[in-house]
2 protein chains.
Amino acid sequence: MTTRVPQERRRRRPTRSGVLLSEDLIVETALRLIGEHGPEALSVRRLGAALGCDPTALYRYFHGTDDLVLAIADRIIGDAMAGFTPGDDWVASLREMALRVRAGYLAHPRAAAMAAHRVTRRRNEIRAVETGIGLLLTAGFPPADAARLYLAFIDTVLSHAATEAAFHALTPQQREADHRSWRDVYQDLDPTAYPSLTAVRRELPAMADSSFEPAVDLLLEALAARARR
Amino acid sequence: MTTRVPQERRRRRPTRSGVLLSEDLIVETALRLIGEHGPEALSVRRLGAALGCDPTALYRYFHGTDDLVLAIADRIIGDAMAGFTPGDDWVASLREMALRVRAGYLAHPRAAAMAAHRVTRRRNEIRAVETGIGLLLTAGFPPADAARLYLAFIDTVLSHAATEAAFHALTPQQREADHRSWRDVYQDLDPTAYPSLTAVRRELPAMADSSFEPAVDLLLEALAARARR
DNA sequence: GCCTTACGTCAACAGGGTTGACCCAATATG
DNA sequence: CATATTGGGTCAACCCTGTTGACGTAAGGC
C-alpha cells in the first residue's frame, strides 16, 4: 500500500458498524485478541472483524503487520514502566526496572512472546533506555561502558522475560508436562553415566522454578563489582 | 491428516523425480534451504519443491510443521554439542558451552527462533545439563547451589541465543531498520528531555552489536567471585 | 455550499498449511 | 513365480494469510 501513515489524524470517519478507529483502540483490541485466543489469533482479518471494520482499514494506521507488532511491544513497555522514577540506589533501581519489565511481559505473555525480540524505536522504549543508561552514568561508568553494560543488562532482562513469557503462554497441559519432566525424566538416570545429575538429584525439581531473579542478581553483582573498581 | 507417522519404514518408493525420501534427508534439505535462500524459504511447499516431491508427501514423515521444526531443533542441538568435552578450567568450559550453543542457534536462526522457547528434554539436552552441573560441582559449589546457578547460567545463555537467533531470522528489511534506528532515531533527540542518551550519543551505534559475550562474561565473573567465597 | 482529501470499503492476487481420495509399486506371502 | 496387501507419493481442493490498488463517501476548511 502506498498510503502513508500520518502522525496526527483530525478527520476520522466511523466504520460501517459505527466504531471510531484509533491507534490505541487497535493495539488494545490486538492485545485482547492475543490474550484470549493466542498469538495465532492475531491476523489482519481477525483484528478487523474484532474491531468491526474492514481488515484493510488497519493499513491506514500501520504500515503492515510488523509495524503493528512493534506498536504492541511499545505499549507493553509503556504500561510496565508507567509511574517508575529511579531512586538514589542505582542497583536497586535497575533491579526494579528488571522486575517491572518482567511483570509487564507476564501481564501479556502471549503478546510478549511474539514481540519481545524487537526494537520498537518508539517513545516508551526510548524513555526506558534513557532511564537505564542514566542509572549507569550515575554509578560512575564512563559513557562508552554505560552504553555497552546497559545493553548487556537489558538484553538479559528482556531475553529472560521473553523466555518466561513464552513458558506462560503454553497451555496448562504443556506447562504441567514440562514440570513433570524435571521430576520424571531426570530422576531415573543411570548413576554411572550421569554422576553429577545423580549428585544433585534432590535439587532438580527446583529446576522448574524461574531463574529470572537469580540471573538478574548475578548480573547486578558483577556490575556493582566493576563500578567499585 | 489421519495417517500415522511410523517409527521405521521398510517400504519406500521413489518420488516422481526419483528421490528416495527419508526423515534425515528432509531435515537436511530444510536446513540447506534456510541456509541458502534465507529463513522465509522454509515452507512445506518450497521444501517439497526442493526435495523433488509433492509437498504433501512430507506429511508421511512429520505430523505437521511443528513436528518438522522439532526434528530440526533436535539436530541443531546435537550438532552444536558434538565432540565437546569439558576441560580442567570450569569457567572456560562453561564459556565454551555458551559459545557452542550460540553458534548452533546462529547456524540455523529461523529454526532456532521457532523452537528456542520450547523445552525438548531429549538426550542431548540431558547430557548438556550433566556436563554443566558437573562443572559447577568441580568449582566447589554445594549441590543445591550448583543446580540453581547452572539454571541461571544456562537460561541466560539460551535466552540470549534465542534473542540473537530471532534477530537473525528477521527479514533483511527488518534487520536493517533495527540497525538504522540506533543511528537515526536515537540521534535526533531533545537534549533536555533525554540528557543521558545525549551524553552517550556517540556510543549508541554500538548498541546494534551483540551483547552475548559481555553478558556471559559478566555472569561468569559473578560465578567465579561466588566460588572464591 | 463547495472542494479537497482522509480513510473506510471492496475485489483480487499470491502464497501459506492441511485434508481426503486416489492409485501405483514395493514388499510379504503362498 | 503369482498374488494380495499396504505404504506412501500424488492430486485437487479448502480455507487461511498479508497486501495491493481502485473506488467512493463523508468530514472539515474555506
Side-chain angles (χ1 to χ4, degrees), chain A residues 1-26 29-30 33-34 37-72 114, chain B residues 1-26 29-30 33-34 37-72 110-111 114 170-171 173-174:
Chain A
M1 171 138 315
T2 55
T3 316
R4 299 291 176 76
V5 176
Q7 329 290 53
E8 298 178 37
R9 28 194 96 234
R10 284 165 301 183
R11 288 210 268 224
R12 293 192 313 174
R13 191 176 156 182
T15 70
R16 174 177 279 279
S17 63
V19 185
L20 263 187
L21 292 180
S22 71
E23 189 171 316
D24 277 350
L25 179 63
I26 295 172
T29 307
L33 253 178
I34 296 169
H37 308 302
E40 63 280 357
L42 183 64
S43 75
V44 177
R45 286 175 152 87
R46 268 197 256 239
L47 187 48
L51 281 162
C53 70
D54 188 277
T56 61
L58 303 177
Y59 287 89
R60 304 285 177 199
Y61 294 83
F62 301 97
H63 293 103
T65 312
D66 196 56
D67 200 22
L68 173 61
V69 168
L70 292 182
I72 292 172
M114 70 184 286
Chain B
M1 173 141 313
T2 54
T3 317
R4 299 289 178 76
V5 176
Q7 331 288 54
E8 299 177 36
R9 23 194 102 233
R10 286 165 301 181
R11 287 211 267 223
R12 293 192 313 172
R13 188 178 159 182
T15 71
R16 173 176 279 279
S17 62
V19 185
L20 263 186
L21 291 180
S22 73
E23 190 171 316
D24 277 350
L25 178 63
I26 294 172
T29 306
L33 246 178
I34 294 168
H37 306 319
E40 63 279 359
L42 183 63
S43 78
V44 176
R45 285 176 153 89
R46 271 196 255 238
L47 187 48
L51 281 162
C53 71
D54 189 277
T56 61
L58 303 177
Y59 287 89
R60 303 285 179 197
Y61 293 83
F62 302 97
H63 293 104
T65 312
D66 243 41
D67 201 20
L68 172 61
V69 168
L70 287 183
I72 292 173
R110 203 219 182 154
M114 288 170 111
L170 296 176
T171 68
Q173 290 80 17
Q174 289 174 315

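Below, chain A is the first sequence line, B the second, and so on; all start at residue 1. Computed over heavy atoms, backbone and side chain alike; hydrogens, waters and symmetry mates excluded.
With C:dT19, C:dC10, D:dG9 as the candidates, the nucleotide lying closest to the side chain of A:Asp54 is C:dC10. Residue A:Thr65 has its side chain nearest to D:dG18 when only D:dG18, C:dC24, C:dC22 are considered. For A:Arg60, whose side chain is taken as the heavy atoms from C-beta onward, the closest listed nucleotide among D:dA22, C:dA25, D:dT19 is D:dA22. The side chain of A:Cys53 lies closest to C:dT9 when the candidates are D:dT19, C:dT18, C:dT9. Comparing D:dT10, D:dA27, C:dT9 by their closest approach to the side chain of B:Thr15 singles out D:dT10.
Of the two residues near DNA chain C, B:Pro55 and A:Leu58, the one whose nearest nucleotide lies more 5' is A:Leu58.
Spacing between atom CG of B:Leu20 and atom C1' of D:dG7 amounts to 13 Å, rounded to whole angstrom units. The distance between atom CG of B:Leu51 and atom P of D:dG8, rounded to the nearest whole Å, is 16 Å. Here the P atom of nucleotide D:dT19 and the CG atom of A:Leu68 are 10 Å apart, to the nearest Å. With rounding to whole Å, A:Tyr59 atom OH is found 17 Å from D:dA22 atom C1'. Put simply, CG on A:Leu47 is 14 Å from C1' on D:dT17, counting in whole angstrom units. Here the C1' atom of nucleotide D:dT10 and the CG atom of B:Leu21 are 12 Å apart, to the nearest Å.
Among residues two or more places apart in sequence or in another chain, the side-chain contact (heavy atoms from CB on, under 4.5 Å) test is passed with B:Arg16 by none. For B:Asp54, the side chain to side chain donor-acceptor pair (under 3.5 Å) partners are B:Thr56, not counting sequence neighbours. With sequence neighbours excluded, no residue forms a side chain to side chain donor-acceptor pair (under 3.5 Å) with B:Thr29.
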inquiry  = Between A:Leu47 and A:Leu58, is the side chain to side chain contact (heavy atoms under 4.5 Å, CB included) condition met? List the steps.
reply    = CA-CA 9 Å; A:Leu47 187 48; A:Leu58 303 177; 3.8 Å; yes
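B:Tyr61 has a side-chain polar atom (N or O) that falls below the 4.0 Å cut-off from OP1 or OP2 of D:dG9.
A heavy-atom distance below 4.5 Å is not found between the side chains of A:Leu21 and A:Arg60. Side-chain contact check for A:Met114 versus A:Ile72: every heavy-atom pair is 4.5 Å or farther apart. No side-chain heavy atom of A:Leu70 sits less than 4.5 Å from a side-chain heavy atom of A:Phe62.
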Could you go through nucleotides 14-16 of chain D and list every protein N or O atom that sits under 3.5 Å from one of its N or O atoms, giving the distance for each pair?
none

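For A:Arg16 against C:dG8, a side-chain-to-base donor-acceptor contact under 3.5 Å is absent.
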